[in-house]
Protein chains: 4
Amino acid sequence: MTDVAIFGAGRIGKIHAGNLVRQPGVRLRCVVDPDAAAARVLAAQHGAEVGTVEGVFGDAAIRAVVIASSTDTHADLIERAAHAKKAIFCEKPVDLAYERAQRCARTVKDANVPCLIGFQRRYDPTFSALHARIVAGEIGEPEMLVVTSRDPGLPPVEYLKRSGGIFKDMLIHDFDVFRWILDDDAATVYATGSCLVDPAVAGVGDVDCTAVTIRTKRGRLAQINTIRRAAYGYDQRFEVIGAKGMLQAGNHRPTEVVASSGQAVSADLPEHFFLERYKTAYALEMAHFFDAIASGKPVRTSIDDGVKALALAEAATLSWREKRIVEM
Amino acid sequence: MTDVAIFGAGRIGKIHAGNLVRQPGVRLRCVVDPDAAAARVLAAQHGAEVGTVEGVFGDAAIRAVVIASSTDTHADLIERAAHAKKAIFCEKPVDLAYERAQRCARTVKDANVPCLIGFQRRYDPTFSALHARIVAGEIGEPEMLVVTSRDPGLPPVEYLKRSGGIFKDMLIHDFDVFRWILDDDAATVYATGSCLVDPAVAGVGDVDCTAVTIRTKRGRLAQINTIRRAAYGYDQRFEVIGAKGMLQAGNHRPTEVVASSGQAVSADLPEHFFLERYKTAYALEMAHFFDAIASGKPVRTSIDDGVKALALAEAATLSWREKRIVEM
Amino acid sequence: MTDVAIFGAGRIGKIHAGNLVRQPGVRLRCVVDPDAAAARVLAAQHGAEVGTVEGVFGDAAIRAVVIASSTDTHADLIERAAHAKKAIFCEKPVDLAYERAQRCARTVKDANVPCLIGFQRRYDPTFSALHARIVAGEIGEPEMLVVTSRDPGLPPVEYLKRSGGIFKDMLIHDFDVFRWILDDDAATVYATGSCLVDPAVAGVGDVDCTAVTIRTKRGRLAQINTIRRAAYGYDQRFEVIGAKGMLQAGNHRPTEVVASSGQAVSADLPEHFFLERYKTAYALEMAHFFDAIASGKPVRTSIDDGVKALALAEAATLSWREKRIVEM
Amino acid sequence: MTDVAIFGAGRIGKIHAGNLVRQPGVRLRCVVDPDAAAARVLAAQHGAEVGTVEGVFGDAAIRAVVIASSTDTHADLIERAAHAKKAIFCEKPVDLAYERAQRCARTVKDANVPCLIGFQRRYDPTFSALHARIVAGEIGEPEMLVVTSRDPGLPPVEYLKRSGGIFKDMLIHDFDVFRWILDDDAATVYATGSCLVDPAVAGVGDVDCTAVTIRTKRGRLAQINTIRRAAYGYDQRFEVIGAKGMLQAGNHRPTEVVASSGQAVSADLPEHFFLERYKTAYALEMAHFFDAIASGKPVRTSIDDGVKALALAEAATLSWREKRIVEM
């Protein structure tokens, strides 16, 4: 039985806890959250205890931690877990500061513990099937990538203030998709953005829609378009073209009902937001984490991936702020 | 230059006239219609004259006729044209009475003139591509056929009174599709129908929706569902399954715009009715007619096809009226 | 804690057991199967015991049973469970003989226990969303229904021998969909079928493809087309038209990848077979069963539904065998 | 009767001639082409004469000219036509040099003659329906535009040498779409490109795939991705998002056949190249030209549109060459 502690009993913590307890041979031992009530509820739901940071790291029986707490706690918790030789599952980002994230990565490396960063999109059935087909050579070498990544609505401005900005908060997933799909390093990054959804976003020094272009060392091209508010829901598509053809990853619909009225032929909107869209991905990600622990094989989304996506987010932020092309 | 006369200056006559004058080496010589004003307008539009039935059949220079007049005139005009050794393009049906249609077919055969019956669906790019793929063996032998055939709205009751009933008026096209796609003869026909759209239809002894099943001599199965009123427009689909797979013919949309709103992801309704849906089919049908005349090759939709579709329509009418399975 | 026994540790038994143990407050107490090894494996997987039929019905602590054993055991087990006052979840069909199924239903009624028959399609998210939209009036009164129901491949002939024939084995689900969607009683049933897939099917007195037409008391029309072998997988679609439009239920795909090669633009095949296609439906069905027990509300797919679908299957079998239209 | 001359009897000249002769009241008087044989064939096909440049401009009876000759002749012919007070239909681009194009535009303005530049996409039924829906406010103000524009294959290198580069030759249409759809002026242009298809393209100082980002004065964002070789054909899509939703323009397929095999569910590839894809657009464009002449109303795609698209192409070329963001 692998005993596990989880930090964070919020929205994503609940998802991870629910998936965690379904893994054979895995037990949720304790839940840690500054919000004691939230911790209690989640713990009770899964027959776990409420714990403390100190308690978790002092308990050698806890072999793995899931870090789903607020972003500013990630780096510390990763480092403490690494020192305590626990396997680590941490939500993105590693940290908002690139230097700090890099230090974390070194600590993890030195400790030689598994550390999975939560780029759940790589576990999504559609995205991972597409990736496997590229690897199998179906379209030849990937040449161009177009990523569409749109949220259904703006988060609260309070959240945005502490988010690190749209490139680190939202596009970090897209930067990881870019690295994963094109399998190449960025040579230059160009980013521009606007505040078209809500002027309050500009008020906190951020933008709510962006257009990013990455040119890789081998000359491949990627474009990412994002917006914080799509009236029709969570839009998560990408397409990649190679010499032999194109592969597209489309949105998922809740149902396959098609209605023909006097006005139009209509299908469902996409799954509303990430909890719905990536429900299966989160489950597969957690299963992969414990498989990797059991098998001793490397995790598919490592802390290095976390650091490299962050480097792209920093470059994009710089490009946007300074209105220039950034060389990596 | 091939000189041609057209009978009928109504809706479908105009379509045929427009396609006719685009054929290289073909000239519309005269237009005949009891409605003198309609004849004048159509003739003027294409630089033709207004003619009479007698005039057309007495003029040896007119080598072909297009019969787009009312159904009750078809058989007579076909026979007169056959006797006058003119090539014949006639709208379906040959006649509402099977015996009369058969006699017509014999006359045409004896005269040895080309006679194309207007089953325009066989010339539709989607339908003919599907047929060609069956012939090429893509799905193996066709085993089952499902035809969906729905009109956007009821015609006037006055029209229905003289239409010969839904099986001869509307399903005759579907019976031809059945023969063409399954390439087999019917062994039994079962038809049922209801009056669900408008009680006035029952008032003239007809139904407005039907369900037909045909079993072929080789045991293949076909189902046809029709209704006179589809709120979303003209619905013209069929699908055929064989040992190696399925081929489906879908509706055509006016545009490829897809809209994602807060409610749904929506595409255009299908092309509204037959004039729009089969616009290309009508053009290709007319081109085929003159190609056949020029090459001396048989027409793809012969008077025999017209007679055989009518036999199925008679059988379906009988099955529906007498509530029994009809053996062919 | 609700203690539950399951009869049957085969393919569908495993699915139900897996869903059962995920219900809050529900415990799988024992597994009963003539195949002792299968029972042991399934019991061990869920921390249950291997039991016997006698043991289950003698144990008052077991409050519910899931019957996923072979068809010929269903009626007996339902009746014993009813007498023992246990809640019943039973796979379709109740029995292959209509009379026997009716007797069962009376026994269940007299015992006043919940009895859910496993018409899982009603719990499928796509199908149930479509049904809800009909009920909400989106298309007006449903007028015509077209059901496409195709299996990916023939079962073993040994299975077919004991299956009761294609109408009771395969179409019983489609008959239930008909009743559920049109919400009307059949007036006449016409069925024809052929043996086009494998002559061995004819050898056991069955057919492998069918075409069924049902006319309801209110004159609504339904057509069902089925085949035992669709090269492209499990094809489970239906569409219903009303005065205000059409609703279609389409297949589900494993992923939303679309590939554009030099040959075609291609999407995934449908989910391969019922275990994949109705995975969510099976989970929701089980949750509904325990919700119904807890709330005391009637189950959505009752033993009456089972009996009525069987009546249609009997009528269709008769229509096919005797080549006549059967009045209900 | 409006007499018209056409310059250029090549691929696009033939299309325009074919559409021109279908306009009521319009007559093709003469065809001019340095390739005398080509001119003869096209003239004969439409009952026209072979003419000369001098002849055309000296003949006051010729009221309109269609310029479909090589790019390097456009500016001269436009100016001569303007001086001769003839209505002008000219293929894009006006000229490869921005200054020259501007001078042309001034000449046309001074002459006050209609001058339509062949941005045929604006006449495409899908694109123009989408535009009309934006104008009608369906998605609110357009905020972001993503354009996918891919050719099926590389043109000959000889052609590329004289093409003015990919931004002027291929993307000029996309720049026009950008202007038309977002209805805003560019503030900055960023372009990058690579030579991934064929090194011979780099050999003539060009690239074969590009990624362009335009930021408008009002802060709207547009991304354009292009490649000279898409294995699956001519890919012409764009999508635009506003506060109320998204509108997407998809590719057109030759037929609506869908095939389900043992491998995939497959639809047709897009129409192969521009002659097929924009067949209807070319026809509507020509009809609009003569409507504009008849009504005296301005043409929808004016020489100013030609000049402004060229300005964007120049900016993109500069951005790509000098690896910098270009301010307009």
Side-chain angles (χ1 to χ4, degrees), chain A residues 18-19 21-22 24-25 44-47 123-134 136-140 181 235-271 276-277 279-281, chain C residues 18 21-22 24-25 44-47 123-134 136-140 181 235-271 276-277 279-281 284:
Chain A
N19 287 324
V21 298
R22 290 189 177 183
Q45 192 184 338
H46 295 296
Y123 304 90
D124 175 71
T126 290
F127 290 3
S128 62
L130 189 155
H131 182 259
R133 290 167 74 164
I134 291 176
E138 185 170 326
I139 59 166
I181 295 296
D235 193 351
Q236 297 278 295
R237 290 171 286 148
F238 66 81
E239 64 182 55
V240 54
I241 185 168
K244 293 196 266 174
M246 171 171 61
L247 289 166
Q248 294 173 293
N251 286 318
H252 291 196
R253 287 174 291 278
T255 81
E256 294 298 327
V257 176
V258 172
S260 297
S261 71
Q263 278 70 50
V265 177
S266 305
D268 280 8
L269 292 182
E271 295 281 9
E276 296 86 14
R277 171 65 180 86
K279 187 184 171 191
T280 305
Chain C
V21 299
R22 291 191 176 181
Q45 192 184 336
H46 295 297
Y123 304 90
D124 175 71
T126 290
F127 290 3
S128 62
L130 189 155
H131 183 259
R133 291 166 74 164
I134 290 176
E138 183 169 327
I139 59 166
I181 294 296
D235 193 351
Q236 296 280 293
R237 291 171 286 148
F238 66 80
E239 64 183 54
V240 55
I241 184 167
K244 292 196 267 174
M246 171 172 61
L247 289 167
Q248 296 173 291
N251 287 316
H252 291 196
R253 286 173 293 277
T255 81
E256 294 298 327
V257 176
V258 172
S260 297
S261 70
Q263 278 69 51
V265 177
S266 304
D268 280 9
L269 292 181
E271 294 281 7
E276 296 86 13
R277 170 66 179 86
K279 188 185 170 191
T280 305
L284 294 172

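Residue numbers begin at 1 in each chain, while the letters A, B, ... track the order of the sequences.
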So, do A:Asn251 and A:Gln236 sit near enough that their side-chain heavy atoms are less than 4.5 Å apart? yes

Only pairs of heavy atoms separated by less than 4.5 Å count here; which of A:Gly250, A:Ala129, A:Ser260, A:Gly245 has the most with chain C? A:Ser260

Measure from NZ or CZ of A:Arg277 to the centre of the six-membered ring of A:Phe127, then state whether that distance is under 6.0 Å and the direction lies within 45° of the axis. yes

Please check if the number of heavy atoms outside C:Glu276 that lie under 6.0 Å from its CD is greater than 12. yes

Greatest number of heavy atom pairs closer than 4.5 Å to chain C - which of A:Arg237, A:Arg253, A:Glu138: A:Arg253

Measure across A:Ala259 and C:Leu247 and return the closest heavy-atom pair with its distance rounded to 0.1 Å. CB-CD2, 3.5 Å

Counting heavy-atom pairs under 4.5 angstrom with chain C, the leader among A:Lys244, A:His252, A:Arg22, A:Arg133 is A:Arg22

Chain C contact via A:Asp268 - side chain, backbone, both or neither, heavy atoms under 4.5 Å: side chain

